[in-house]
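Here the structure is a predicted model, which means the values were calculated and not measured. Residue indices begin at 1 and follow the sequence shown.
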Amino acid sequence: MGLLEDTIQQIRPADSHAENAAARHWDAIAHPLHSLGKLEDVIVRIAGIQETPDVCLDRKCLVVMCADNGVVAEGVTQTGQEVTAQVAENFLTDKATAAILCREAGADIFPIDIGMARDTKVRRCKTLYGTKDMATEPAMTRQEAVQAVETGIRIAQEKAAAGYRIIATGEMGIGNTTTSSAMASVLLDQPVERMTGRGAGLSTAGLQRKIWVIHQSIEKNRPDPANPLDVLAKVGGLDIAGMTGLYLGGAACRVPVVIDGFISAVAALTAVRICPAAAAFLIPSHVSDEPATPLILDALGLSPFLTCNMRLGEGTGAVMLFPLLDMTLRVYKSMSTFEEDDIEAYKPLT
């Protein structure tokens, strides 16, 4: 049995007893019932994931999957592949946005070279030196896609073993809104036009070119919407594959994994299509300004916490959720109860 199959078999449902205990604790705290809304709900969800109402998020990290996409050759971006490597190395020196945010949020950052076109100082876990041009041939083979997914699983296992209690997903790869739009269109059976945005600031003409290239890629490769690994291999990217593995590996290790924006949401959808039980371990962060993101989150049954019209990627939105979680957890653990304050508790109204 391969690592992917073994990981899928290890994913168990959330612990309903821990969830119920966490919900009861929220109701006992001296505040109007459910007055922190989704913030209360997410702590309850994490209790179910961690199998204890004593939720702990003391160690947090961001894993950034860095990879290049051959479809850049079709003129779907403003910049070339060299930018992927430049930004990836900036993660190591606190010069990239995500690295700065991690420092402020008290999270560690781990950029991973899962498929950049050239070697850098970033940790190398490379499947390929970039994918092929999906407009002319499959982006990668099924075996290469599985290899990249399994790399993500191993990274999740490694971070869980090191004591990280929550993992944020991020990516860096010029051209990856093109691959993500293609995958989203196929997996959700939606028109390419509806699922494709301007990415890093394309003009109207550039957007039309991008849409045409995605149409060509889907028609050329004919990915099977019922087979997420086939879709991933034919019109996806190595960064998406790596994040897919992070979600599956986190679920198997009972570590919540935070979705960032559009591209990591596509990876989350892929993970859930591979293993529906993984959905219970996903935490949304924000709704990206890319048009397909709300549709993907709806398909996953998730409601985002932040609406800031962001579309930067890198894991920036996911890391911005960390301080909210920390503040909410402080209330959950520190606030007095109705009984301690000798106050009559609120009662649910029908």
Side-chain angles (χ1 to χ4, degrees), residues 61-100 102 108-155 158 169-183 199-202 206 210 213 217 232-246 260-264 266-267 312-316:
C61 72
L62 166 65
V63 177
V64 188
M65 294 294 182
C66 306
D68 280 303
N69 300 281
V71 74
V72 169
E74 299 295 329
V76 294
T77 62
Q78 280 195 25
T79 57
Q81 287 187 337
E82 68 279 358
V83 175
T84 302
Q86 291 167 357
V87 175
E89 288 201 322
N90 284 344
F91 292 130
L92 301 173
T93 58
D94 280 0
K95 292 181 180 179
T97 307
I100 295 167
C102 280
D108 296 322
I109 184 169
F110 299 100
I112 303 294
D113 176 3
I114 197 166
M116 288 195 289
R118 69 177 179 88
D119 294 329
T120 66
K121 296 177 182 178
V122 171
R123 177 182 173 185
R124 198 181 311 166
C125 301
K126 203 186 296 281
T127 300
L128 294 168
Y129 282 86
T131 55
K132 296 180 175 64
D133 181 356
M134 69 182 191
T136 61
E137 60 185 311
M140 56 189 134
T141 66
R142 182 185 178 91
Q143 181 179 359
E144 289 162 348
V146 170
Q147 180 182 338
V149 170
E150 291 184 343
T151 295
I153 291 172
R154 291 188 183 93
I155 297 295
E158 173 188 291
T169 55
E171 40 62 39
M172 179 59 216
I174 299 302
N176 58 10
T177 59
T178 302
T179 54
S180 299
S181 296
M183 289 191 65
L202 284 177
K210 181 178 178 180
V213 167
S217 301
L232 179 61
K234 288 179 176 176
V235 295
L238 293 161
D239 49 355
I240 300 171
M243 290 186 291
T244 298
L246 282 174
D260 183 37
F262 172 46
I263 300 152
S264 64
V266 170
L312 177 57
E314 301 181 9
T316 49

Legend entry - Within residues 75-86 or reaching into it, pairs that qualify as side chain to side chain donor-acceptor pair (under 3.5 Å) - sequence neighbours excluded: D68-T84
Shortest non-hydrogen separation from [X] to [Y] and the atoms involved:
X    : Y    : answer
V122 : P111 : CG1-O, 3.4 Å
L232 : G237 : CD1-O, 3.9 Å
M134 : A182 : CE-CB, 3.9 Å
A85  : T120 : CB-CG2, 3.7 Å
A267 : I240 : CB-O, 3.5 Å
A99  : F91  : CB-O, 3.8 Å

Legend entry - Pairs meeting criterion salt bridge (charged side-chain N to carboxylate O under 4.0 Å, His left out) with involvement of residues 232-242, two or more places apart: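 Matches after skipping sequence neighbours: D230-K234.
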Keeping the roles fixed (side chain from [X], backbone from [Y]), state whether a donor-acceptor pair exists under 3.5 Å.
X    : Y    : answer
K126 : M116 : yes
E144 : A233 : no
S181 : T178 : no
T131 : G70  : yes
D260 : G315 : yes
D133 : A135 : yes

Legend entry - Option among I263, V63, V149 that satisfies the side-chain contact (heavy atoms from CB on, under 4.5 Å) test with M243: I263
Inset, instruction - Output, in order, the C-alpha distance, side-chain angles, deciding distance and verdict of side chain to side chain contact (heavy atoms under 4.5 Å, CB included) for I174 and N69. - result: CA-CA 7 Å; I174 299 302; N69 300 281; over 6 Å; no
Inset, instruction - State, yes or no, whether a side-chain contact exists between T127 and M140 at a heavy-atom distance under 4.5 Å. - result: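 No, too far: nothing below the 4.5 Å cut-off.
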Legend entry - Student check: side-chain heavy atoms of E74 and T136 closer than 4.5 Å: yes
